Amino acid sequence: MPLAQVAPRADEHGKTKEPLPQRPRGPHPYRVGVAGRFSRPEDAPLRQVLAGWAAEYHGLVVAVAAKTLKVQDRSLAEDVAQDVWLAVWQRLLSGQNVDNPRGFLAMAARRRVYAHYALARVRREEATDYSDAAAVARLASWIGAAA
């Protein structure tokens, strides 16, 4: 049954609600770009800026992330770089200005690594069940080994 022909709905309190509006049909208002993503024409200059920065500074972002990560976590450098590029894109879309892209990207990569470790610490603390005897024994052995 088409949505426009549905009778008004009643909520749990017996009040009636108007039927939901019908979805607009026809072509999408934005051009379909690579991989089926929609892009707004007014974002084209920002896409060019981001593409230029990515071509010039991607190696820097990955290197700063790798240098800031612990040795055993160096494989996460590309993931951190991807998060940085997403944050930069969101910043550009929000209209915020970046005066020094090299410094901004390096700082963003370092901060993203710090956030990764802070979140990992929180997850580790939440995952420790101190009512479990095995977990307490393991924690005591770690403390004893560190002392």
Side-chain angles (χ1 to χ4, degrees), residues 1-4 6 9 11-13 17-147:
M1 174 183 305
L3 205 51
V6 175
R9 304 173 298 159
D11 65 6
E12 64 273 3
H13 302 292
K17 297 180 180 178
E18 293 299 316
L20 296 172
Q22 202 166 15
R23 278 185 29 203
R25 301 290 180 209
H28 196 276
Y30 301 128
R31 177 180 65 83
V32 177
V34 177
R37 295 192 174 115
F38 296 103
S39 60
R40 299 184 309 182
E42 60 268 18
D43 293 340
L46 296 177
R47 279 194 305 276
Q48 290 176 347
V49 167
L50 187 67
W53 288 357
E56 187 173 351
Y57 298 118
H58 182 71
L60 169 81
V61 172
V62 173
V64 167
K67 184 177 178 183
T68 310
L69 284 164
K70 294 177 183 176
V71 174
Q72 64 268 23
D73 294 336
R74 294 267 165 94
S75 61
L76 296 175
E78 282 290 336
D79 294 338
V80 169
Q82 185 67 29
D83 290 345
V84 169
W85 290 115
L86 178 63
V88 169
W89 176 242
Q90 290 170 341
R91 183 180 177 100
L92 289 174
L93 285 178
S94 70
Q96 297 177 9
N97 192 20
V98 177
D99 295 327
N100 179 5
R102 181 181 178 90
F104 175 77
L105 291 168
M107 180 59 71
R110 280 191 296 275
R111 288 183 177 174
R112 182 65 200 113
V113 170
Y114 300 153
H116 166 75
Y117 285 125
L119 183 60
R121 182 179 56 84
V122 168
R123 285 184 183 156
R124 209 173 35 249
E125 289 174 357
E126 289 175 352
T128 304
D129 182 12
Y130 295 107
S131 63
D132 182 19
V136 172
R138 188 171 46 250
L139 183 61
S141 70
W142 291 344
I143 293 172

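All residue numbers in this chain count up from 1 along the given sequence. For the numbers below, each heavy atom of this structure counts, side chains included, while hydrogens, waters and symmetry mates do not. The model shown is predicted, which means the values in this text are computed figures rather than measured ones.
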Practice prompt. Name all residues meeting the side chain to side chain contact (heavy atoms under 4.5 Å, CB included) criterion together with L86; count only those two or more places apart in sequence or in a different chain, and write none if there are none.
Written response: Q90
Worksheet item: Got a sec, which residues hit side-chain hydrogen bond (donor to acceptor under 3.5 Å, both in side chains) with N100, two or more places apart in sequence or on another chain?
Response: none
Item to complete: Provide the closest heavy-atom pair for V113 versus A65 in the form atom of the first, atom of the second, distance.
Response: CG2-O, 3.9 Å
Worksheet item: Roughly how far, to the nearest 0.5 Å, is the CG atom of D43 from the CD atom of Q48?
Response: 11.5 Å
Worksheet item: Got a sec, which residues hit side-chain hydrogen bond (donor to acceptor under 3.5 Å, both in side chains) with W85, two or more places apart in sequence or on another chain?
Response: H58
Which pairs of donor and acceptor atoms, one on a side chain in residues 71-82, lie under 3.5 Å apart (sequence neighbours left out)?
unit_1: D73; atom_1: OD2; unit_2: Y117; atom_2: OH; d: 2.8
unit_1: R74; atom_1: NE; unit_2: A66; atom_2: O; d: 2.5

Item to complete: Calculate, to the nearest 0.5 Å, the distance between atoms CG and CG belonging to L50 and L93 respectively.
Response: 9.0 Å
Worksheet item: Of all residues at least two apart in sequence or in a different chain, which pass the side-chain hydrogen bond (donor to acceptor under 3.5 Å, both in side chains) check with Q96?
Response: R91
Response to the item:
From the list V84, D99, V88, side-chain contact (heavy atoms from CB on, under 4.5 Å) partner of F104 resolves to V88
Discussion item. Quick one, R47 and W89 - any side-chain contact, counting heavy atoms below 4.5 Å?
Written reply: yes
Worksheet entry | Set of residues satisfying salt bridge (Lys or Arg N to Asp or Glu O under 4.0 Å) with respect to D83, sequence neighbours excluded | R112
